[in-house]
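Structure record follows, encoded as structure tokens.
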Amino acid sequence: MININNISLAYNNRIVLENISLNFKKNSFIGIIGKNGTGKSTLLKAMTGLLKPINGNIFIDDNDIYKMKRNVLAKKISFMPQSMHFDFSFTVKDFIMFGRYPYINMFNLTTKEDVDIVENIMKFTGTEEFAKRNISELSGGEKQKVLLAQTLAQQTEIICLDEPTSHLDIGSQATIFKLLKMLNEEYNKTVITTVHDLNLAGEFCSEIVLLDDKKVFNSGSAEKVLNYGDMEKIYNITVVVKNNPVSNKPVVIPVYN
């Protein structure tokens with residue numbers, strides 16, 4: 001579904017990622033991991049057309065994304081940023097409605113279909129209970145849910161998320177990832193997310209991509225990527241990797257000594 005072909009990306013003439021090639025299958029749940037500054041967010045921005053590589057190509061269903069019209073691409077792939085400053089006065093429902101922008105007509109009029117879609121998404125994400133509140137009044141976890149709801153309002157096949165659980169407590173983290181897992185398994189969405197928490201990645205993602213030193217260091221199943229040797233090498237810390245006794249997924253435990 002997504003073919004990343006030998007791309008390199010740079011900021012201010014500084015190479016961030018170099019000669020990256022990846023293939024993501026339809027209906028997969030991909031976690032992108034790596035230390036701070038390894039280009040995780042940069043890779044997501046390239047996949048969603050927000051950043052153009054200095055070489056290489058990215059294709060979605062054999063279509064070069066940089067040759068697609070912006071509104072056409074926006075109906076195919078959506079992007080949830082890591083954070084947003086909510087210093088504006090919109091109700092939650094109005095803010096989520098902005099996610100319908102690829103479908104709004106030339107007169108900027110919403111339709112009954114737009115309203116129905118947004119209301120269904122608010123039910124799905126648990127944001128309907130504060131739909132009429134000002135978004136600036138919400139807690140961090142509530143804001144992340146609203147950002148996710150707005151992203152889902154685009155109704156894309158592919159959903160990209162940049163650290164969707166940053167600064168959230170473990171309960172809110174689990175809620176967000178359970179929603180993403182449901183979107184992937186029950187609604188056949190392709191989910192691609194950057195994530196710092198290795199155990200969230202191991203528990204929920206069907207495939208993990210580990211970035212380091214401008215390259216793809218490793219990729220594959222959680223069992224393949226989250227091995228203690230690579231984790232110790234990349235993160236420069238002693239770890240123990242065990243299986244979760246309930247899910248049997250790998251758990252990375254830092255050893256502080």
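All residue numbers refer to positions in the sequence shown, counting from 1.
Side chain of Ser247 to backbone of Asn244: no donor-acceptor contact under 3.5 angstrom is found. Judged by distance alone, with hydrogens and angles left aside, the side-chain atoms of Thr194 form no donor-acceptor pair with the main-chain N or O of Lys40 at under 3.5 Å. With Asp197 contributing its side chain and Asn199 its backbone, the two residues share a donor-acceptor pair below 3.5 Å. Between the side chain of Asn55 and the backbone N or O of Asn6 there is at least one donor-acceptor pair closer than 3.5 Å. Without hydrogens or angle criteria, Arg133 side chain to Thr91 main chain gives no donor-acceptor distance under 3.5 Å. For the pair Asn227 (side chain) and Lys224 (backbone), a donor-acceptor distance under 3.5 Å is present. Although no hydrogens or angles enter the test, the distance criterion places a donor-acceptor pair under 3.5 Å between the side chain of Tyr235 and the main chain of Gly34. Under the 3.5 Å distance criterion, the side-chain polar atoms of Ser172 are left unmatched by any main-chain donor or acceptor of Leu168. Panel note: side chain Lys249, backbone Glu203; a donor-acceptor pair is recorded below 3.5 Å. A donor-acceptor contact shorter than 3.5 Å links the side chain of Asp169 to the backbone of Gly171.
Minimum heavy-atom separation, Leu200 to Thr165: CD1-OG1, 3.9 Å. Closest non-hydrogen pair, Pro164 versus Leu180, comes out as CG-CD1, 4.4 Å. Residues Pro250 and Val241 come closest through the heavy atom pair CB-CG1, 4.1 Å. Counting all heavy atoms, side chain and backbone alike, Val239 lies closest to Glu232 at N-OE2, 3.1 Å. In this structure, Thr156 and Ser78 approach most closely via the heavy-atom pair OG1-OG, 2.8 Å. For Pro81 against Leu147, the heavy-atom pair with the smallest separation is O-CD1, 4.2 Å.
Remark: Glu157 does not engage Lys189 in a salt bridge, criterion side-chain N to carboxylate O under 4.0 Å. Salt-bridge annotation for Asp61 and Lys76: present, with a side-chain N of the basic residue lying under 4.0 Å from a carboxylate O of the acidic one. Taking 4.0 Å as the cut-off between side-chain N and carboxylate O, Lys181 and Glu186 do not count as a salt-bridged pair.
Residues Leu50 and Tyr101 do not share a hydrophobic cluster, defined by chaining ILVMFWY side chains whose heavy atoms lie under 4.5 Å apart. Residues Tyr103 and Leu152 are members of separate hydrophobic clusters, defined by side-chain heavy-atom contacts under 4.5 angstrom among Ile, Leu, Val, Met, Phe, Trp and Tyr. Transitive grouping of hydrophobic side chains (ILVMFWY, heavy atoms separated by less than 4.5 Å) keeps Ile15 and Ile20 in distinct clusters. If you chain together hydrophobic residues whose side chains sit under 4.5 Å apart, Leu211 and Tyr11 fall into the same group.
The environment of His167 atom NE2 is sparse: at most 12 non-hydrogen atoms of other residues, nucleotides or ligands sit within 6.0 angstrom. Counting non-hydrogen atoms of other residues, nucleotides and ligands closer than 6.0 Å to CG of Asn236 gives a total of 12 or fewer. Crowding of Asp116 atom CG: a count of heavy atoms from other residues, nucleotides or ligands under 6.0 Å exceeding 12. Within 6.0 Å of NZ in Lys215 there are more than 12 heavy atoms belonging to other residues, nucleotides or ligands.
For the atom pair NZ (Lys178) and CD (Gln173), the distance works out to 12.0 Å, reported to the nearest 0.5 Å. Once rounded to the nearest 0.5 Å, the distance linking CD of Glu119 with OG1 of Thr127 reads 11.0 Å. Here CG of Asn3 is found 8.5 Å from CG of Asn57. Values are rounded to the nearest 0.5 Å. Here Asn36 contributes atom CG and Ser41 contributes atom OG; the two are 9.5 Å apart, rounded to the nearest 0.5 Å. Distance check: Ile77 CD1 to Ile159 CD1 gives 10.0 Å after rounding to the nearest 0.5 Å. Taking CD1 of Ile33 as the start and CG of Leu210 as the end, the distance is 4.5 Å to the nearest 0.5 Å.
In this model, no donor atom of one side chain and acceptor atom of the other lie less than 3.5 Å apart for Glu207 and Ser219. If you check the side chains of Thr38 and Asp212, you find no donor sitting under 3.5 Å from an acceptor.
With contacts defined as side-chain heavy-atom distances shorter than 4.5 Å, the pair Ile192/Met47 qualifies.
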Show your working on side-chain contact (heavy atoms from CB on, under 4.5 Å) between Ile30 and Ile208 and close with a plain yes or no.
CA-CA 6 Å; Ile30 310 295; Ile208 296 175; over 6 Å; no

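For Tyr66 and Phe59, the ring centers are positioned 6.0 Å apart or more.
In this structure, Phe177 and Phe29 have parallel ring planes: the angle between them is below the 30° cut-off, well short of the 60° mark.
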